[in-house]
Amino acid sequence: MKYQLKTITPVHIGTGETLSQIDGFYNNGQWHRIDIDAVLATIPESELNRLTIAMGQHNFQWDKYLPTSQTSTSYTLPCPQDPRETEIREAMKDAFGRPMIPGSSIKGAIRTALLWDLIDGDNTEAKKELKEQLQRRDNRSGIGQKIEQQVLGNDPNHDLMRVVQVSDTSPIPIEALEMGVAWTVTLSRNNNLVQKREGNREYKTFIEQIRPEQTFDFSIKIDKSLFGQREKRELRYSDRQQRALCEELAEVCNFVANGIAKDEAEFYDYYRLPELANFYESLSNQIENLPDGVFVLPIGWGTGYRAKTVTELLAGDDDDLMNLRKRYGLGQSRSRRGHYHPEFPKTRRVLYDHQKPQSPLGWVQIAPV
């Protein structure tokens, strides 16, 4: 089926690369990305050595070295403040520099929702076995892999997600991008939700982000031939897996997304960040009133621990969760070894406009065309 993805909040899908003042400069509310090939083409050979030395300086700035460098930029993005020496996370783009969202980001979010649903709705014996696995002192990644294998399939050939093919989205114009400032917020010793700082270090990151209300086209293909009786027997797929994927996908994704939205609304309301509490209350209402077949997902960077794990579901009550955290060191205080804050996780990533919180990251709505 063809689908349309619309961003509800800013979304960042990163390339894994970070940019610095060598890659661009800030001027008059905009971030200018330097086209280094264009710069080198315009500089006389005699000046290259001076440029090389200048670029090695700690305080190098392109706008000082090239006053007319506007002609040497590959793109320009609105930017709320000067990044200076703060790293910038580069956004995914196609070969022509246009923002897009890879199908793997969408498929990964669907995978997490299905994993949550299949564990939550499975029988007690299966849950008990998964919890027993958590009691063993395996490394975290190993435990996660075992849980996924038991619920979704033992290997790539038997993995439920081999049935699903998600295309990359169509690209959209570079004007859909902007620069955002993402802060890590955390609970202080006084239990106030604050921007995280340690000494002179500020835990913030500049990101190239897709603006809200941007639309992309893509497709999801489900190979239903793999759910024939013989194929299901060979691949060890269950009727419940088939139903969740082929008939209830939108409901499954919305159930998980709404659970996150309600929990986050409660978290931000309790710790007095009303801008975020109001957003999540509104998101929850939106999810509950979506037309059939339309669903919401958290995708990309900055969506948080709950959007990518099923720890709470397997842990059960608060005592089980605390035991699990201590076993794997989840949320252990760096300054006070052995101390675990009762709130977990106690950190979030939030977009700020200077000192004012704006919104979370990564929420999208997906609708069949």
Answer yes or no: are there more than 12 heavy-atom neighbours, outside [X] itself, under 6.0 Å from its atom [atom1]?
X: Asn157; atom1: CG; answer: yes
X: Asn28; atom1: CG; answer: no
X: Glu266; atom1: CD; answer: no
X: Lys107; atom1: NZ; answer: yes
X: Arg84; atom1: CZ; answer: no
X: Tyr305; atom1: OH; answer: yes
X: Phe255; atom1: CZ; answer: no

| query | Which is it for Glu178 and Gln209 under the side-chain hydrogen bond (donor to acceptor under 3.5 Å, both in side chains) test, yes or no, and what are the steps along the way? | reply | CA-CA 6 Å; Glu178 63 184 1; Gln209 62 190 26; 2.9 Å; yes
(Q) Between Tyr340 and Met322, does the side-chain contact (heavy atoms from CB on, under 4.5 Å) criterion hold? Intermediate values first, please. (A) CA-CA 8 Å; Tyr340 293 83; Met322 182 58 75; 3.9 Å; yes
Of the non-hydrogen atoms in [X] and [Y], which two are nearest, and what is the gap between them?
X: Phe218; Y: Leu5; answer: CE2-CB, 3.8 Å
X: Gln214; Y: Ala176; answer: OE1-CB, 3.5 Å
X: Arg349; Y: Trp301; answer: NE-CZ2, 3.1 Å
X: Leu290; Y: Phe295; answer: CD1-CA, 4.1 Å
X: Ile110; Y: Leu249; answer: CG2-CD1, 3.7 Å
X: Pro83; Y: Trp31; answer: CG-CE3, 4.3 Å

Discussion item. Using 30° and 60° as the class boundaries, would you call the ring planes of Tyr280 and Tyr268 parallel, tilted or perpendicular?
Written reply: parallel
In a table with atom names and distances, give each donor-acceptor pair under 3.5 Å that connects a side chain of residues 180-190 to protein atoms at least two apart or in another chain.
unit_1 : atom_1 : unit_2 : atom_2 : d
Ser188 : OG     : Asn190 : N      : 3.3
Ser188 : OG     : Asn192 : N      : 3.2
Ser188 : OG     : Asn192 : O      : 3.3

ask   = Would Glu264 and Arg306 count as a salt bridge (Lys or Arg N to Asp or Glu O under 4.0 Å) if you check the C-alpha gap in whole Å, the side-chain angles of each, and the deciding distance to 0.1 Å?
value = CA-CA 10 Å; Glu264 293 298 278; Arg306 176 77 187 280; over 6 Å; no
Working for side-chain hydrogen bond (donor to acceptor under 3.5 Å, both in side chains), residues Tyr203 and Glu198
CA-CA 8 Å; Tyr203 283 75; Glu198 289 182 357; 2.9 Å; yes
Keeping [X] on the side-chain end and [Y] on the backbone end, is there a donor-acceptor pair under 3.5 Å?
X: Ser284; Y: Ala261; result: no
X: Asn254; Y: Ala250; result: yes
X: Thr7; Y: Arg211; result: yes
X: Lys224; Y: Ile222; result: no
X: Asp168; Y: Gly103; result: yes

Between Tyr75 and the options Arg98, His32, Arg33, the side-chain contact (heavy atoms from CB on, under 4.5 Å) test singles out Arg33
Of Ile287, Asn258, Ile366, Ile260, the one forming a side-chain contact (heavy atoms from CB on, under 4.5 Å) with Val296 is Ile287
Worksheet item: Does the side chain of Phe206 come within less than 4.5 Å of Gln81's, by heavy atoms?
Response: yes
Side-chain contact test, heavy atoms from C-beta onward, threshold under 4.5 Å: evaluate it for Leu160 versus Arg111 and give yes or no.
no
*State whether Glu288 and Lys262 are salt-bridged, where the test is any N-O pair (Lys NZ or Arg NE/NH1/NH2 against Asp/Glu carboxylate O) under 4.0 Å.*
yes
ILVMFWY cluster, Val166 and Met1 together (side-chain gap under 4.5 Å) | yes
Practice problem: Go through Arg240 and Asp117 one step at a time and tell me if the salt bridge (Lys or Arg N to Asp or Glu O under 4.0 Å) criterion holds. | Solution: CA-CA 10 Å; Arg240 173 161 177 76; Asp117 179 74; 3.1 Å; yes
When you check the side-chain N and O atoms of Thr76 and Gln30, is any donor under 3.5 Å from an acceptor?
-> no
| field | Approximate separation, where rounding is to 0.5 Å, of Ile106 CD1 and Ile220 CD1 | value |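 Reported value, rounded in 0.5 Å steps: 7.0 Å.
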**Message:** Asp239 vs Lys232, test: salt bridge (Lys or Arg N to Asp or Glu O under 4.0 Å). Steps then yes/no.
**Reply:** CA-CA 9 Å; Asp239 291 339; Lys232 280 173 63 175; 2.4 Å; yes
| query | Can you check side-chain contact (heavy atoms from CB on, under 4.5 Å) on Thr205 and Glu87, steps first, answer last? | reply | CA-CA 6 Å; Thr205 305; Glu87 71 174 21; 4.0 Å; yes
Report the C-alpha separation of Lys204 and Thr86 in whole Å, then their side-chain angles, then the decisive distance to 0.1 Å, and conclude whether the side-chain hydrogen bond (donor to acceptor under 3.5 Å, both in side chains) test is met.
CA-CA 8 Å; Lys204 68 178 180 181; Thr86 307; 4.9 Å; no
